Participant: 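Please read through the structure below; I'll follow up with questions.
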Amino acid sequence: MRSDEIKKGYSRAPHRSLLRATGLKDEDFDKPFIGVANSFIEVIPGHFFLNQVGAIIKDEIKKNGCVPFEFNTIGVDDGIAMGHDGMLFSLPSRELIANSIETVMNAHKFDAMIAIPNCDKIVPGMIMGALRVDVPTVFVSGGPMAAGHLSDGTPVDLATVFEGVGKHEAGEITDEELIEMECKACPSGGSCSGMFTANSMNTLMEAMGIALPGNGTILALTPERDKLYRDAARRICEIAKDEALTKKFKLKNILNENAVRNAFAVDMAMGGSSNTVLHMLSIANEAGVDFKLSDINKISKKVSHIAKISPSRSTVHMEDVNRAGGVNAVMNEMSKRYNGSLELNNLTIMGMTVGEKIKDAKILDSDIIRTIDNPYSPVGGLAILYGNLAEQGAVIKTAGITGDRVFTGKAVCFDGQDETIAGIVAGKVKAGDVVVIRYEGPKGGPGMQEMLSPTSMIMGMGLGASVALITDGRFSGATRGASIGHVSPEAAEGGMIGLLKDGDTIHIDVDKYILNVDLSDEEIAKRKANFVPIKKELTSRWLKQYRALVTNASTGAVLDPDQLG
């Protein structure tokens with residue numbers, strides 16, 4: 001066993017002495033050591049109860065002849081960090097989480113791991129760290145929260161509240177109506193109830209084969225979820241106690257190029273968050289997979305969009321998808337399209353192939369999960385746009401578009417999110433405009449803030465179908481509308497988005513994958529010759545380090561290995 005390095009032989013007597021201080025007995029030194037990576041933190045609704053989850057999992061690990069060692073990662077709640085400088089720390093937290101997983105697992109030579117993530121950057125951070133360690137790993141998330149309901153029975157969620165702020169600003173709802181939304185949108189623990197970033201990543205772990213069925217859709221704080229925790233704990237022990245299985249189920253044997261492609265395909269079929277592009281590119285990088293941003297459009301052409309979930313369809317939430325058959329039902333329906341939309345022969349942590357895992361799954365409600373003969377769109381719910389405004393690419397969640405897929409308008413430029421919000425409130429944005437938010441990329445922010453506040457205000461003010469928005473920042477999974485993010489190169493590195501002026505004509509064609517500004521090559525060259533990007537003053541030592549090392553969104557905002565040495 002890998003853990004023999006810290007527990008076997010006379011030279012490891014000091015190590016065993018320290019381990020005995022934690023409660024280990026003689027018989028424990030012949031058992032596999034399982035790292036239980038828990039993201040328990042009390043400020044995040046999807047995580048405040050994960051200490052109880054950790055206890056359930058450790059109990060089951062002990063019952064199955066292994067020794068659990070629980071440790072924790074940090075976490076940032078994007079919704080709470082939204083709209084102020086706390087959001088600068090959200091994406092960088094992904095790197096700290098990955099580093100902490102790598103550090104604890106390798107310092108103590110644990111044989112295998114069970115990871116307990118749930119929200120935002122925590123899921124991809126744990127996956128990235130686990131890939132560096134490359135031991136058998138089962139992921140089991142805390143689970144989604146139930147949707148809330150207003151007094152008239154209308155389903156609501158966090159996106160409803162953000163958009164409610166815009167409606168309140170426009171005078172469309174009263175103080176009392178906004179307060180009701182606030183009090184009822186998030187009724188329990190769990191990751192926010194729609195197909196936002198957390199639940200997108202939790203479903204994609206099923207698609208990649210690194211989590212058990214139901215991981216993305218079984219509600220948090222239910223007996224069904226408790227059973228999933230115990231099933232996951234038993235499975236990691238089955239693997240860790242068998243030398244052949246330990247070798248077979250190393251994480252990189254499962255999370256390979258086929259798994260990455262399956263994740264993107266399922267994401268597009270379910271209309272997941274645009275943040276999954278950022279995170280799956282970084283996961284592919286850690287897995288050693290040569291996957292490029294441009295590959296996403298090739299996958300999209302093979303995938304039908306068959307499930308619309310909040311925010312794309314505000315009345316449908318993860319509990320509805322679970323009732324309708326879950327992720328396996330989505331994948332089984334996808335597999336009926338004979339063009340390689342899924343890699344069915346890839347191994348899963350359960351021991352079966354993807355095809356074997358999904359073959360008996362059925363759609364139980366075709367209003368929630370449509371058939372491939374009746375899709376919302378014949379192509380996937382994400383697209384990558386290119387042009388002189390995004391030479392290295394930009395991302396749009398096509399599943400969330402509320403207006404036309406072709407849009408031409410005049411630029412209204414803002415240097416940062418705060419300036420944008422003030423401009424929207426002041427009435428500077430009107431129907432037909434293209435809102436430009438720059439200096440919010442990985443370097444420019446730094447940290448690539450989510451633009452949920454401005455997009456929600458635009459939607460709430462009734463401009464969602466008549467205004468487009470582009471940014472070198474990113475969006476919450478709760479964002480909808482013609483919102484284009486991850487524009488690369490970003491303004492802080494001299495990208496075209498930084499050269500735009502108010503009144504420039506911007507052309508968007510989603511189906512042709514085009515994002516252009518109507519300027520001559522001569523005018524662009526003239527602007528570039530005199531351009532000096534804004535560099536924000538920073539007091540945070542961590543953000544200074546991050547800005548120095550991070551690459552732009554077209555790579556997944558990974559840290560530059562050449563700078564790291």
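Please read all numbers here as calculations on a predicted model, not as lab measurements.
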Participant: Ignoring hydrogens and geometry beyond distance, is a side-chain donor-acceptor pair present between N328 and K357 at under 3.5 Å?
Facilitator: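 The answer is yes; a qualifying pair exists.
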
Participant: Would you say K241 has more than 12 foreign heavy atoms packed within less than 6.0 Å of its NZ?
Facilitator: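 Yes, the 6.0 Å shell around NZ holds more than 12 heavy atoms from other groups.
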
Participant: Rounded to the nearest 0.5 Å, what's the gap from CE on M82 to CE on M451? Could you check?
Facilitator: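 Nearest 0.5 Å value for the CE-CE distance: 8.5 Å.
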
Participant: Would a 4.5 Å heavy-atom cut-off, applied to side chains only, mark S273 and E450 as touching?
Facilitator: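 A side-chain contact is absent here, since even the closest heavy-atom pair is not under 4.5 Å.
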
Participant: Using a strict threshold of under 4.0 Å (side-chain N to carboxylate O), is an ion pair present between E224 and K227?
Facilitator: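 Salt bridge: no.
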
Participant: Does a salt bridge link E70 with K58, judged by any charged N lying under 4.0 Å from a carboxylate O?
Facilitator: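 Yes, charged N to carboxylate O under 4.0 Å.
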
Participant: Is the shortest side-chain N to carboxylate O distance from D242 to K247 below 4.0 Å?
Facilitator: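 No.
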
Participant: Give the C-alpha distance, both sets of side-chain angles, the deciding distance and a yes or no for side chain to side chain contact (heavy atoms under 4.5 Å, CB included) between M195 and S312.
Facilitator: CA-CA 8 Å; M195 193 69 172; S312 300; over 6 Å; no

Participant: Any chance you could measure N256, atom CG, to L251, atom CG, to the nearest 0.5 Å?
Facilitator: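 Those atoms lie 10.0 Å apart.
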
Participant: Determine the minimum heavy-atom distance between K25 and R20, stating which atoms define it.
Facilitator: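 The pair with the smallest heavy-atom distance is C-NH1, 4.4 Å.
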
Participant: Is a salt bridge present between K109 and D4, judged by a nitrogen-to-oxygen distance below 4.0 Å?
Facilitator: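 Answer for the salt bridge query: no.
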
Participant: Please indicate whether E42 has more than 12 foreign heavy atoms, meaning atoms of other residues, nucleotides or ligands, lying under 6.0 Å from its CD.
Facilitator: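 For E42, atom CD is not crowded (no more than 12 foreign heavy atoms under 6.0 Å).
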
Participant: Using the ring of each side chain (for Trp, its six-membered ring), is F110 parallel, tilted or perpendicular to F69, with breaks at 30° and 60°?
Facilitator: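 Geometry flag for F69 against F110: parallel rings.
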
Participant: Under 4.0 Å between a side-chain nitrogen and a carboxylate oxygen: does that hold for D28 and K31?
Facilitator: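 Counted as a salt bridge, because a side-chain N and a carboxylate O are separated by less than 4.0 Å.
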
Participant: Output the distance between atom NZ (K63) and atom CZ (R230), rounded to the nearest 0.5 Å.
Facilitator: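 Answer for the NZ-CZ pair, K63 versus R230, is 4.5 Å.
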
